[in-house]
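Only heavy atoms go into these numbers, but all of them, side chains included; no hydrogens, no water, no symmetry mates. We name chains A, B, ... by the order of the sequence lines, and we start the count at 1 in each one.
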Amino acid sequence: GAGVSQSPSNKVTEKGKDVELRCDPISGHTALYWYRQSLGQGLEFLIYFQGNSAPDKSGLPSDRFSAERTGGSVSTLTIQRTQQEDSAVYLCASSLFGTGTYEQYFGPGTRLTVT
Amino acid sequence: GQQVMQIPQYQHVQEGEDFTTYCNSSTTLSNIQWYKQRPGGHPVFLIQLVKSGEVKKQKRLTFQFGEAKKNSSLHITATQTTDVGTYFCAGPHNNAGNMLTFGGGTRLMVKP
């Protein structure tokens with residue numbers, strides 16, 4: 001079946017502008033995660049959604065970052081007043097949810113460049 | 001807070017040589033996962049280990065979970081150019097639930 005999809009694949013924006021990044025998880029996956037990966041670096045956790053529970057926002061680096069998940073499916077990560085340090089690849093992942101720890105399926109990412 | 005560390009950060013090997021990356025957690029883990037990210041790609045799940053001392057093999061890859069469930073290793077025998085990429089380990093965040101804490105990754109480069 002279809003995997004996790006993200007759009008756009010690339011986004012170039014000017015400093016100070018707002019951007020929206022979209023994630024379509026695998027159908028049936030109730031858990032959804034956003035990560036940020038700077039060039040050559042590891043995965044920085046941003047936010048986690050599980051079903052109708054309140055999201056875990058503990059990884060959001062500043063109040064310029066926010067995310068929504070509508071209808072328990074599609075998620076949008078919004079970055080307001082972008083800064084150059086926001087330049088990175090933003091990865092979305094989804095997984096099943098249960099009593100164990102499930103493998104995460106990653107999307108191809110959105111490469112954000114702030115000029 | 002929980003930390004997951006990997007060493008080495010980078011490794012250059014000649015094709016045919018073996019390679020090992022080590023993962024260490026500051027806390028005991030209920031399980032550990034390994035992911036591979038090819039250059040320009042996204043992380044792809046490789047395996048999950050659950051039991052103390054568990055060893056699993058996938059062709060030339062051998063995964064091990066330590067007896068104390070605080071460390072893990074990935075060993076690749078006779079590396080090939082297709083093994084190039086970054087290998088991440090990940091443990092359950094605060095040892096509970098779906099969220100993962102990822103290690104910093106080991107980037108493997110293979111010289112043909």
Side-chain angles (χ1 to χ4, degrees), chain A residues 3-7 9-10 21 23-26 28-51 53-60 67 69 88-111, chain B residues 1-11 21 23 25 28-51 56 58 63 65 69 72 84-109:
Chain A
V4 178
S5 60
Q6 291 186 245
S7 62
S9 55
N10 281 285
L21 312 179
C23 172
D24 274 279
I26 291 173
H29 281 189
T30 58
L32 187 147
Y33 319 78
W34 283 97
Y35 297 92
R36 179 168 70 174
Q37 187 173 36
S38 300
L39 187 63
Q41 301 299 309
L43 298 168
E44 177 187 4
F45 165 75
L46 296 177
I47 189 168
Y48 163 55
F49 294 91
Q50 165 46 35
S53 302
D56 184 322
K57 304 178 182 180
S58 59
L60 294 178
R69 189 177 185 191
V89 175
Y90 289 81
L91 291 161
C92 174
S94 71
S95 76
L96 295 170
F97 177 81
T99 55
T101 308
Y102 292 86
E103 65 179 277
Q104 295 186 11
Y105 294 80
F106 285 81
T110 294
R111 182 175 298 278
Chain B
Q2 179 191 44
Q3 291 187 341
V4 178
M5 293 152 289
Q6 281 185 256
I7 55 171
Q9 194 173 0
Y10 304 95
Q11 183 84 57
T21 173
C23 178
S25 170
T28 301
L29 301 171
S30 58
N31 63 82
I32 194 155
Q33 297 183 5
W34 284 91
Y35 291 76
K36 176 183 178 181
Q37 184 176 25
R38 294 181 185 274
H42 56 275
V44 175
F45 174 82
L46 293 177
I47 207 161
Q48 178 172 277
L49 305 171
V50 178
K51 299 176 183 176
K56 286 189 176 180
Q58 290 179 349
F63 303 84
F65 201 9
K69 302 183 78 174
S72 180
V84 164
T86 301
Y87 294 85
F88 294 97
C89 64
H93 182 67
N94 292 333
N95 210 26
N98 263 33
M99 286 172 56
L100 294 174
T101 299
F102 281 84
T106 295
R107 183 178 173 190
L108 172 64
M109 289 154 280

(request) List the steps, then state whether side chain to side chain contact (heavy atoms under 4.5 Å, CB included) holds for A/Phe45 with B/Met99. (result) CA-CA 9 Å; A/Phe45 165 75; B/Met99 286 172 56; 3.5 Å; yes
(message) At a 4.5 Å cut-off on heavy atoms, which part of A/Gln41 comes close to chain B: side chain, backbone, both, or neither?
(response) backbone
(request) Verify the ring-centre separation between A/Phe106 and A/Tyr33: is it less than 6.0 angstrom? (result) no
(request) Pick one of side chain, backbone, both or neither for A/Tyr48, based on which atoms fall under 4.5 Å of a heavy atom in chain B. (result) side chain
(message) Measuring centre to centre across the rings, with the benzene-like ring taken for any Trp, is B/Tyr35 within less than 6.0 Å of B/Phe88?
(response) no
(request) Check whether A/Tyr35 gets within reach of chain B through its side chain, its backbone, both or neither, counting any heavy atom under 4.5 Å. (result) side chain
(message) Using heavy-atom distances under 4.5 Å, tell me whether B/Leu100 contacts chain A through its side chain, its backbone, both, or neither.
(response) both
(message) Would you say CZ of B/Phe63 has more than 12 non-hydrogen atoms from neighbouring residues, nucleotides or ligands within 6.0 angstrom?
(response) yes
(message) Using a 4.5 angstrom heavy-atom cutoff, name the option from A/Gln50, A/Arg111, A/Gln104, A/Glu44 with the most pairs to chain B.
(response) A/Gln104
(request) Measure the spacing between CG of B/Asn31 and OG1 of A/Thr101 and express it to the nearest 0.5 Å. (result) 4.0 Å
(request) For each of B/Arg107, B/Gln6, B/Gln48, tally heavy-atom pairs with chain A at distances under 4.5 Å, and name the one with the top tally. (result) B/Gln48
